[in-house]
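Down below is the structure, laid out as structure tokens.
Given the structure is predicted, the values throughout are model-derived calculations rather than measurements. Throughout, residue positions are numbered sequentially from 1 according to the sequence presented. Worth knowing before you read on, the calculation uses all heavy atoms, side chains too, and leaves out hydrogens, waters and symmetry mates.
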Amino acid sequence: MATLNGNTRLSAAMERTGQWVFSQDIPTDVIVEVGEANFNLHKFMLVAKSNYIRKLIMETKEADLTRINLSEIPGGPEIFEKAAKFCYGVNFEITVHNVAALRCAAEYLQMTDKYCDNNLAGRTEDFLSQVALSSLSGAVVVLKSCEDLLPMAEELKIVQRCIDVASTRACSEASFPCRTPPNWWTEELSILDVEFFGRIIGTMKQRGAKALTMATALITYAERWLRDLVRDHSGNGIKCSEPIDSDLRIQQRELLESIVALLPTEKAAIPIHFLCCLLRCAIFLKTSGACKNELEKRISLILEHVTVDDLLVLSFTYDGERLLDLDSVRRIISGFVEKEKSMAVFNGGDFREVSSSAVQRVAKTVDAYLAEIATVVELTISKFNGIANLVPKGARKVEDDLYRAIDIYLKSHPNLDEIEREKVCSSMDPLKLSYEARVHASQNKRLPVQIVLHALYYDQLKLRSGVADNRNEPDAVATRNQLQADVSLVKENEALRTEVLKMKMYISDMQKSNQTGTSSKSSGSRKPTFFSSMSKTLGKLNPFRHGSKDTSHIDDNIGVDVTKPRRRRFSIS
């Protein structure tokens, strides 16, 4: 389609040129080739304005030069047509779209005032200074046209003049807007190539523009050129139909790295939600490590302003169907915690004892974030605990939110065994649960036994000491140590009781199997067997002599009662 349109324009240009050339009633004597277009012209009309064509004709070794190749002229056939019209004195319109190309073509053809007064170069210079560069929009359009005119547009200072005007006008509009909406100028700048755009941002910074002003322009620019990657925050965006190594993705990767390099150094200049979108984009496009590290560092510096949705942006693919590796989330939280530790040490405090309000806000957000991703089947225990344990212990005054996340994870992963469930719960301190959460935990069948015992035992301790929930709580460390010791003892008692019960059942089975052979010897005295001696010995060593049935007094001639002993509640009251 582009080739067809180009051929159509060439045909139209040659047809128009032929109409006004043949109207001179003088036969043409030279053919000018510009790319695929051929122009039949008169030598004397061209040499009167163009010193370049004059030198070609004078320096040629041919007796009669009839063909000239000008394929390297800036702007191509369309611009040469206008330059030829100027030589013939035919009127044409100079606009902000073609003035830069005409100026470069005039320089190429040496159509300057040095060879002819009021030549094409002077005419285009007047238009640039008086019209094109008198407004921000005009300067931006001229600068955009210079993208295809390098390096000549750079050598003629057209690019730098446009950048100076655009940056000056942009700073003025940012401070004193004269149009609505106030940020209209950012849309104007966003049409530029990233190199020219970056040079304008750099010039604005040199002129003292505020970081927020430059950030606004960068956000608009990113949303224009990375629309499908940055603007979609819903998780229902692109389906990754474009291969990551395609030309489009490569261009987007280079563009994103350039945008990140232009971000202002002030940490509060860029909204954290936009930074999270850029980071997800960087992960998807597989940008350089330096690019991703820079974004992670910026997010960690202002993590106290993050929301759950912001963290979810980093965690899922664009289609919302797959969880990412979460490495970026872990590095961001870890960087924030390290920053807070450094600040606490610098201020002479102890980070383990005192947590700032920022850390507490982040802890609450992280717990809510864990509750959101806990339903993902592929989320492993190590990843779940890895994020939960990054938050300092002192940052959670009450761990109800973390308990909710753990409960959701256990509900979404019902096939976990007891050990795995204990690992999931290891990041939570049951002593920091509220009364309502402890009541819920004591009735929660998904929790491991140890956590349930923690909840019940802690309430019993409080009832015993007569301390209400709204009073000062006992020393957490001492209570935790005592509780851990008691829980260990309970586990040992349960293990011993189970072993004793198994032994009783084994003895009973052996006695039943021997009843047939020993029924004739029931009148005489019986010699103690090995198993009966073992049973009596275990009965003497039984630590639950008073809490379960004792086997030391059981007669060998009487069947053993293997009924499971009733469990006693180890109540403190």
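Taken to the nearest 0.5 Å, the CZ atom of Phe336 stands 5.5 Å off from the CG atom of Leu303. The CD atom of Glu155 sits 9.0 Å away from atom SG of Cys104, with the distance rounded to the nearest 0.5 Å. To the nearest 0.5 Å, atoms CD1 (Ile283) and CG (Leu278) are separated by 11.5 Å. Summarising the geometry, atom CG belonging to Leu102 is positioned 7.0 Å from atom NZ belonging to Lys82; distances are rounded to the nearest 0.5 Å. Atom OG of residue Ser426 and atom CG of residue Asn389 lie 6.0 Å apart, to the nearest 0.5 angstrom. Interatomic distance, Ile270 CD1 to Cys276 SG, rounded to the nearest 0.5 Å: 12.5 Å.
Atom NZ of Lys339 has more than 12 heavy atoms from other residues, nucleotides or ligands within 6.0 Å. Shown here is Glu418, whose CD atom has more than 12 heavy atoms of other residues, nucleotides or ligands within 6.0 Å.
Remark: the backbone N or O of Asp164 is paired with a side-chain donor or acceptor of Thr168 at under 3.5 angstrom. Distance alone, capped at 3.5 Å, is enough to place a donor-acceptor pair between the Asn98 side chain and the Glu93 backbone. Between the side chain of Ser71 and the main chain of Gly35, a donor-acceptor pair closer than 3.5 Å is present. Judged by distance alone, with hydrogens and angles left aside, the side-chain atoms of Arg103 form no donor-acceptor pair with the main-chain N or O of Thr124 at under 3.5 Å. Remark: side-chain polar atoms of Ser334 are not paired, donor with acceptor, to backbone N or O of Arg331 under 3.5 angstrom. The backbone N or O of Val376 sits less than 3.5 Å from a side-chain atom of His413, completing a donor-acceptor pair. Between the side chain of Ser258 and the backbone N or O of Glu254 there is at least one donor-acceptor pair closer than 3.5 Å. Side-chain atoms of Ser442 come within 3.5 Å of backbone N or O of Val439 as a donor-acceptor pair. Without hydrogens or angle criteria, Asp407 side chain to Tyr403 main chain gives no donor-acceptor distance under 3.5 Å. Counting only distance, with no hydrogens or angles, the side chain of Arg253 and the backbone of Leu285 share a donor-acceptor pair below 3.5 Å.
A pairwise comparison of heavy atoms in Ala363 and Arg396 identifies CB-CG, 4.2 Å as the closest pair. The two residues Ser135 and Gly138 make their nearest non-hydrogen contact at OG-N, 3.1 Å. Residues Val308 and Glu372 come closest through the heavy atom pair CG1-CG, 3.8 Å. The minimum heavy-atom distance linking Pro448 with Glu422 is given by the pair CB-CG, 3.6 Å. Across all their heavy atoms, Ala405 and Ala371 have their closest contact at CB-N, 3.6 Å. Taking each heavy atom of Pro264 and Ala215 in turn, the nearest pair found is CG-CB, 4.4 Å.
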### Task
Report the C-alpha distance between Asp417 and Arg421 in whole Å, list the side-chain angles of each, state the deciding distance to 0.1 Å, and finish with yes or no for side chain to side chain contact (heavy atoms under 4.5 Å, CB included).
CA-CA 6 Å; Asp417 57 27; Arg421 285 185 287 133; over 6 Å; no

### Query
Val337 and Val359: side chain to side chain contact (heavy atoms under 4.5 Å, CB included), yes or no, with the steps?
CA-CA 8 Å; Val337 173; Val359 178; 5.9 Å; no

### Task
Output, in order, the C-alpha distance, side-chain angles, deciding distance and verdict of salt bridge (charged side-chain N to carboxylate O under 4.0 Å, His left out) for Asp228 and Arg249.
CA-CA 11 Å; Asp228 60 335; Arg249 295 306 180 205; 3.6 Å; yes

### Message
Assess the residue pair Leu256 and Trp225 against the criterion (side chain to side chain contact (heavy atoms under 4.5 Å, CB included)); give the C-alpha distance rounded to whole Å, side-chain angles, the decisive distance to 0.1 Å, and a yes or no.
### Response
CA-CA 9 Å; Leu256 178 59; Trp225 291 98; over 6 Å; no

### Query
Would Ser129 and Arg161 count as a side chain to side chain contact (heavy atoms under 4.5 Å, CB included) if you check the C-alpha gap in whole Å, the side-chain angles of each, and the deciding distance to 0.1 Å?
CA-CA 9 Å; Ser129 57; Arg161 290 164 64 188; 4.2 Å; yes

### Message
One pair to check against side-chain hydrogen bond (donor to acceptor under 3.5 Å, both in side chains): Ser315 and Tyr369. What are the steps and the verdict?
### Response
CA-CA 10 Å; Ser315 306; Tyr369 164 74; 2.5 Å; yes

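Put simply, the side chain of Leu229 reaches to within 4.5 Å of the side chain of Gln252, judged on heavy atoms. Side-chain contact between His97 and Lys144 is absent, with no heavy-atom pair separated by less than 4.5 Å. Side chains of Asn183 and Thr220 form no contact here, defined as non-hydrogen atoms less than 4.5 Å apart. Between Trp185 and Arg169, every side-chain heavy-atom pair lies at or beyond the 4.5 Å cut-off. Counting only heavy atoms from C-beta outward, the side chains of Ile219 and Pro271 approach each other to under 4.5 Å. Here the side chains of Leu262 and Ile259 are not in contact, with every heavy-atom distance at 4.5 Å or above. The shortest side-chain heavy-atom distance between Ile332 and Val306 does not fall under the 4.5 Å cut-off. In this structure the side chain of Arg224 never reaches within 4.5 angstrom of the side chain of Tyr221, judged on heavy atoms.
Look at Arg298 and Glu294 and you find a salt bridge, because one of the NZ, NE, NH1 or NH2 atoms lies within 4.0 Å of a carboxylate O, short of that distance. A salt bridge is defined here as a Lys NZ or Arg NE, NH1 or NH2 lying under 4.0 Å from an Asp or Glu carboxylate O, and Lys432 with Asp429 fails to meet this definition. A salt bridge links Asp401 and Lys364; the closest N-O separation between the charged side-chain nitrogens and carboxylate oxygens is under 4.0 Å. In summary, Glu420 and Lys423 do not engage in a salt bridge, as defined by a charged side-chain N under 4.0 Å from a carboxylate O.
Of the N and O atoms on the side chains of Asp400 and Ser434, at least one donor lies less than 3.5 Å from an acceptor on the other residue. No side-chain N or O of Tyr409 forms a donor-acceptor pair with one of Asn385 less than 3.5 Å apart. Checked by atom type, the side-chain pair Ser167/Arg207 shows a donor-acceptor distance below 3.5 Å. Between the side chains of Gln160 and Arg199, at least one donor N or O sits under 3.5 Å from an acceptor N or O. Looking only at atom types and distance, the side chain of Glu173 has a donor-acceptor partner in the side chain of Trp184 under 3.5 Å away. With 3.5 Å as the limit, one finds a donor-acceptor pair spanning the side chains of Ser328 and Glu296. For the 3.5 Å distance criterion, the side chains of Thr380 and Ser382 qualify, holding a donor opposite an acceptor. With no hydrogens or angles considered, no side-chain donor-acceptor pair links Thr307 and Asp309 at under 3.5 Å.
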